[in-house]
Amino acid sequence: MAGNSCEVNGSGIPVCRRCAAPGVSKWVRLNVGGTCFLTTRQTLCRDPKSFLYRLCQADPDLDSDKDETGAYLIDRDPTYFGPVLNYLRHGKLVINRDLAEEGVLEEAEFYNITSLIKLVKDRIRERDSKTSQVPVKHVYRVLQCQEEELTQMVSTMSDGWKFEQLVSIGSSYNYGNEDQAEFLCVVSKELQNTQYGTTSEPSEKAKILQERGSRM
């Protein structure tokens, strides 16, 4: 494409001279994944290096088919195109809670909007940083067992359960002619919270540990 037909206005916003030329329609229709969007050429020309800018310039190297209404056909997800278009309109990144930042980043990279790519990446880093700072919670259980049960108990310590401490409490019980040593075994497990704050159902081995702990 010969030359750059954009200039910067007093607000520092690129303005496409070709888009503003007499006889050129101010409005542009886009058919993104079957959903129609109506916006201005000036909005689409905000980033001179973007796919949308090239679309408005009728770049001969860009395959830009149109539907029966004259809207440019773009085979992308319309749900995630909304935040991209709104960013070009007002320069702010607004993402609904039901949308993933990674989805917006994917579209920003497809349309090659450099400033938006950086903004979304910063948002993702900030989100991940907050998530990593959430303190890890643990659940502890004290299990009472006899000496002969220790091996079996250790073999069932899976599903995230970890051994913390073993305390001997002597031989309080007598079975037949032999004293059976009794122990308190302290185990812990990292509490894995899901997105909605609930924990997953314990496995069979975890239930065995819980049942033994209930003997206390």
Backbone of Asp98 reached by a side-chain donor or acceptor of Asn96 within 3.5 Å: no
Side chain to side chain contact (heavy atoms under 4.5 Å, CB included) partner of Val187, the single match among Glu164, Arg141, Lys162: Arg141
Geometric class of the Phe81/Phe37 ring pair [parallel <30°, tilted 30-60°, perpendicular >60°]: perpendicular
Backbone of Ser115 reached by a side-chain donor or acceptor of Asp47 within 3.5 Å: no
Euclidean distance, Leu116 CG relative to Arg123 CZ, rounded to 0.5 Å: 10.0 Å
Side chain to side chain contact (heavy atoms under 4.5 Å, CB included) assessment of Thr39 paired with Trp27: CA-CA 6 Å; Thr39 186; Trp27 295 95; 5.6 Å; no
Connected via hydrophobic side-chain network under 4.5 Å: Phe163 and Phe183: yes
Heavy-atom closest pair, residues Ser50 and Leu44: OG-O, 4.0 Å
Closest heavy-atom pair and its distance - Asp77, Thr79: OD1-N, 2.9 Å
Close side-chain approach of Leu105 to Ile117, heavy-atom, < 4.5 Å: yes
Backbone of Lys49 reached by a side-chain donor or acceptor of Asn112 within 3.5 Å: yes
CG on Leu184 to CG on Leu166, rounded to 0.5 Å: 8.5 Å
Under-4.0 Å salt bridge between Arg125 and Asp122: yes
Distance (rounded to the nearest 0.5 Å) between Thr114 OG1 and Leu119 CG: 12.5 Å
Minimum heavy-atom distance between Cys56 and Cys45, given as atom pair plus value: CB-SG, 3.8 Å
Smallest separation among heavy atoms of Val186 and Val142, with atom names: CG2-CG2, 4.3 Å
Side-chain touch Val104/Tyr87, heavy atoms, less than 4.5 angstrom: no
Gap between atom CD of Glu101 and atom NZ of Lys121 - 0.5 Å precision: 14.5 Å
In one Ile/Leu/Val/Met/Phe/Trp/Tyr side-chain cluster, 4.5 Å: Leu99, Phe110: yes
From OH (Tyr80) to CD1 (Ile95), nearest 0.5 Å: 9.0 Å
Heavy-atom side-chain proximity of Leu55 to Leu30 below 4.5 angstrom: yes
Atom pair CD1/CG of Ile74 and Asp65 - distance to nearest 0.5 Å: 11.5 Å
